[in-house]
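Read the structure below first, then the notes.
Residues take their numbers from the sequence shown, with the count starting at 1. Keep in mind that what you see is a predicted model, and the values were worked out from it rather than measured.
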Amino acid sequence: MARGKSTADVTTLQMALVGYQYEKQKIDDRIREIEAQLKGKHVAPASAAGEKKASGVKRVLSPAARKRIAAAQKKRWAEHRKRVAAQAKGE
C-alpha cells in the first residue's frame, strides 16, 4: 500500500479550502460594511473578484465645482418643470 495522502483526501481538502476562503471573503465584506456604518458612511459590498479599493478616502469638491454642479442640477430641474407644464397644457 502506498504511503502519504490519497488523491481523494487532497481534492477534498482543496475544495474545503476554496469554500472557506469564499466564506471568509463574505465575512470580511460584512465587517467592512459594519465598520463603515459605524463611521457614518455607506459602502457598497466588494465584488466577488476581490477588488481592493482605498478605504477611508473621501472625495473633496472645490467650492467652484460644487457651484457648477448645483447650476447644472437647477438647469435640469427647470427643463423638467417646463416639460411637465407643457404636457399639462397640451392635455
Side-chain angles (χ1 to χ4, degrees):
M1 181 173 231
R3 291 183 162 191
K5 298 177 184 172
S6 70
T7 313
D9 289 341
V10 171
T11 304
T12 303
L13 289 174
Q14 288 174 339
M15 290 170 52
L17 181 62
V18 169
Y20 285 130
Q21 287 173 337
Y22 176 75
E23 290 299 319
K24 181 181 180 284
Q25 181 64 39
K26 284 182 9 182
I27 292 168
D28 289 342
D29 290 345
R30 186 65 182 134
I31 288 171
R32 275 195 295 280
E33 289 174 14
I34 292 170
E35 287 174 344
Q37 287 176 354
L38 290 172
K39 292 178 184 177
K41 297 179 183 177
H42 176 72
V43 177
S47 68
E51 295 179 18
K52 299 283 182 181
K53 293 185 179 181
S55 61
V57 178
K58 185 175 180 182
R59 192 174 131 186
V60 179
L61 294 175
S62 69
R66 274 189 262 148
K67 195 172 187 178
R68 285 192 308 269
I69 292 169
Q73 186 63 39
K74 286 178 184 178
K75 182 179 176 184
R76 284 191 291 270
W77 272 108
E79 290 172 3
H80 173 73
R81 287 187 190 105
K82 216 182 273 185
R83 237 178 306 135
V84 169
Q87 287 177 353
K89 283 184 178 181
E91 291 180 3

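For E23, the salt bridge (Lys or Arg N to Asp or Glu O under 4.0 Å) test picks out K26, with sequence neighbours left out. Taking Q73 as the reference, R76 meet the side chain to side chain donor-acceptor pair (under 3.5 Å) condition, with sequence neighbours excluded. Scanning for side chain to side chain donor-acceptor pair (under 3.5 Å) contacts around K75 gives an empty result, with sequence neighbours left out. With sequence neighbours excluded, no residue satisfies side-chain contact (heavy atoms from CB on, under 4.5 Å) with T12. Judged as a side-chain contact (heavy atoms from CB on, under 4.5 Å), and not counting sequence neighbours, the contacts of I69 are L61.
For residues 60-79, the ring-ring contact (aromatic ring centres under 6.0 Å, His included) pairs, not counting sequence neighbours, are W77-H80. Residues in residues 61-70 take part in no salt bridge (Lys or Arg N to Asp or Glu O under 4.0 Å) pair, two or more places apart or across chains.
Of the charged side-chain nitrogens involved, none lies within less than 4.0 Å of a carboxylate oxygen, so that D28 and R32 do not count as a salt-bridged pair.
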E33 vs R30, salt bridge (charged side-chain N to carboxylate O under 4.0 Å, His left out): CA-CA, chis, key distance, verdict
CA-CA 5 Å; E33 289 174 14; R30 186 65 182 134; 3.0 Å; yes

